[in-house]
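Taking it in order: structure first as structure tokens, then the write-up.
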Amino acid sequence: MPELPEVESARRVISRAALRRRIVAVDDSDRYVCRPHSPGELQDALVGRAITAAHRVGKSIWCDTGSGRSGGPALGVHLGMSGKIVVADRDGTEIDGGDRWEGRRQPGDYQWSRFSLEFADGGRLMLVDPRRLGRIRLDPPVDRLGPDAERISPAQFRAALSHSTAPVKARLLDQHVLAGIGNLLADQILWSARVHPARPVDSLTRAEVDRLQRATRRAVKVATQAGGVHALSLLPYRHAGAQCPRDGAPMVRSTVGGRTSWWCADEQAATG
DNA sequence: TATAGTGTTATCGG
DNA sequence: ACCGATAACACTAT
């Protein structure tokens, strides 16, 4: 599920439930999720330290670590397609972030825990991730990300949607251009702004770019306040046979920018 | 049983 | 070198 709103929720879980807890053990045995680190590398870097702060840009989280007065490496967390952060007590009682149904047969048993930190009191922070497309790495290259979609200024947004012939949806999804927008947010933004997803960026009018900017701000705000993209109004209409909730025209589906896209056949015309 | 999928990245072609 | 499209990744849900 994770797009910016879910990732922000995960960051808050870490901030609320994991700060300043001394790490006594690390399970970094999943070679795919912990690539390109070698076995034990994450453990060696983290045992004896604690998370001191959790930051986010777009869909990337990184945690400052330290022990006493010495700082450690940043712990990067990416949730991929199916990851979530769960913090649980020694007995498996979830402190935060968990869903009872997600890969959990009994308290403390997480079938899909792909990485975990164990704290001195026996509690754990886990990356629970069925598909294993999430990622844990030290000192992640967050400087390559574009401006965060929640904080981007109108001028930065106009700059992001310029100098390109790419489909506007591909540009919205490019994390190096604008960080945090995923497939569902992109469809919501384009629908709200009444812009066809395949429109070349350099064909957009100033008015359209402004509508996209406002729609981005609104969609990110709505979803972040609700804790996830499930709150987006377009979501129930992204399926075969659906009609646009504004004008009743058919919702159509195609692939744009390599992703499944849904839009209103009438209001989001192919030419502006 | 077959297919699609809310994300990222290496690779390929222009 | 830049840009964009595509495949691959791993696994579950429908």
Side-chain angles (χ1 to χ4, degrees), chain A residues 1-10 29-36 56-62 76-85 99 101-105 110-115 127-137 140-146 148-149 160-191 197-203 216 219-220 222-224 226-242 253-263:
Chain A
M1 300 186 41
E3 300 190 27
L4 187 155
E6 286 82 1
V7 177
E8 175 60 17
S9 295
S29 57
D30 191 308
R31 303 299 354 124
Y32 189 74
V33 167
C34 297
R35 73 193 184 286
R56 178 192 63 75
V57 166
K59 304 172 196 171
S60 294
I61 291 172
W62 70 98
V77 178
H78 199 292
L79 302 180
M81 290 274 261
S82 61
K84 64 191 310 172
I85 293 294
D99 278 335
W101 46 268
E102 183 140 18
R104 186 185 171 175
R105 285 162 181 162
Y110 285 90
Q111 185 184 354
W112 295 311
S113 174
R114 308 302 190 182
F115 172 84
L127 172 65
V128 177
D129 180 14
R131 271 179 87 173
R132 297 172 75 207
L133 293 176
R135 188 135 184 210
I136 301 288
R137 62 166 297 177
V142 291
D143 52 327
R144 296 207 294 250
L145 294 169
D148 184 85
L161 291 192
S162 61
H163 307 303
S164 173
T165 58
V168 57
K169 180 167 177 180
R171 210 68 182 157
L172 291 173
L173 291 172
D174 187 337
Q175 303 300 303
H176 303 294
V177 169
L178 173 63
I181 303 301
N183 199 31
L184 299 183
L185 270 170
D187 276 2
Q188 175 77 43
I189 290 163
L190 291 160
W191 177 80
R199 287 278 303 284
V201 158
D202 61 8
S203 78
T216 298
V220 169
V222 163
T224 302
V229 292
H230 57 81
L232 297 177
S233 68
L234 189 67
L235 209 51
Y237 306 97
R238 286 180 91 262
H239 66 83
R253 184 196 123 125
S254 188
T255 298
V256 179
R259 309 301 302 277
T260 295
S261 306
W262 291 90
W263 66 91

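- Note that CZ of A:R253 and NE2 of A:H239 are 13.0 Å apart. Values are rounded to the nearest 0.5 Å.
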Could you walk me through whether A:I136 and A:R114 pass side-chain contact (heavy atoms from CB on, under 4.5 Å), step by step? CA-CA 9 Å; A:I136 301 288; A:R114 308 302 190 182; over 6 Å; no
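- A donor-acceptor contact shorter than 3.5 Å is absent between the side chain of A:S60 and the backbone of A:V142.
- The line from CG of A:L79 to CG of A:L133 is 11.5 Å long, rounded to the nearest 0.5 Å.
- The residue A:G258 sits apart from the nucleic acid: no heavy atom pair falls under 4.0 Å.
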Pairs under 3.5 Å (N/O, protein and nucleotides 11-14 of chain B):
none

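- For A:Q188 (side chain) and A:L235 (main-chain N/O), no donor-acceptor pair under 3.5 Å exists by modelled atom type.
- For the P atoms, the distance linking B:dT1 with C:dC9 amounts to 22 Å, nearest Å.
- Side-chain proximity of A:M81 to C:dG4, C:dA5, B:dG7: nearest is B:dG7.
- Atom NE2 of A:H163 has 12 or fewer heavy atoms from other residues, nucleotides or ligands within 6.0 Å.
- Distances shown here put a side-chain N or O of A:R171 below 4.0 Å from the OP1 or OP2 atom of C:dG4.
- In this structure, the side chain of A:Q175 engages the main chain of A:G180 through a donor-acceptor pair within 3.5 Å.
- Between the side chain of A:R56 and the backbone N or O of A:G58 there is at least one donor-acceptor pair closer than 3.5 Å.
- A distance of about 22 Å separates the C1' atoms of C:dT12 and B:dT9, rounded to the whole Å.
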Check: protein-nucleotides 8-11 of chain C nitrogen or oxygen pairs below 3.5 Å:
residue, atom, partner, partner atom, Å
C:dA10, O4', A:R131, O, 3.4
C:dA10, O3', A:R132, NH1, 3.1
C:dA10, N1, A:R131, NE, 3.1
C:dA10, N1, A:R131, NH2, 2.4
C:dA10, N3, A:R131, NE, 3.3
C:dC11, OP1, A:R132, NE, 3.4
C:dC11, OP1, A:R132, NH1, 2.4

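- Distance A:N183 CG to B:dG5 P: 8 Å, rounded to the nearest Å.
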Check: protein-nucleotides 2-4 of chain B nitrogen or oxygen pairs below 3.5 Å:
none

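- Residue pairs meeting the salt bridge (charged side-chain N to carboxylate O under 4.0 Å, His left out) criterion with at least one partner in residues 169-186 of chain A, sequence neighbours excluded, are A:K169-A:D187.
- A donor-acceptor pair under 3.5 Å is formed between the side chain of A:K59 and the backbone N or O of A:I181.
- In this structure, CG on A:D202 lies 9.5 Å from OG on A:S162, to the nearest 0.5 angstrom.
- Considering CG of A:L172 and CG of A:L190, their distance stands at 5.5 Å, rounded to 0.5 Å.
- Summarising the geometry, the separation between NE2 on A:H239 and C1' on B:dG5 is reported as 17 Å, rounded to the nearest angstrom.
- Rounded to the nearest 0.5 Å, atoms CD1 (A:I189) and CG (A:L232) are 8.5 Å apart.
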Every protein N/O lying under 3.5 Å from an N/O of nucleotides 8-10 of chain B:
residue, atom, partner, partner atom, Å
B:dT8, OP1, A:H78, NE2, 2.7
B:dT8, OP2, A:K59, NZ, 3.0

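- Judged by distance alone, with hydrogens and angles left aside, the side-chain atoms of A:R137 form no donor-acceptor pair with the main-chain N or O of A:P36 at under 3.5 Å.
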Note, DNA chain B 5' to 3' with Watson-Crick or G-U pairs under 3.5 Å encoded as ( ), [ ], | and . gives .||||.||||||||
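- Of the possible polar contacts, one joining the A:E3 side chain to the A:L184 backbone as a donor-acceptor pair under 3.5 Å is found.
- For the pair A:S261 (side chain) and A:R259 (backbone), a donor-acceptor distance under 3.5 Å is present.
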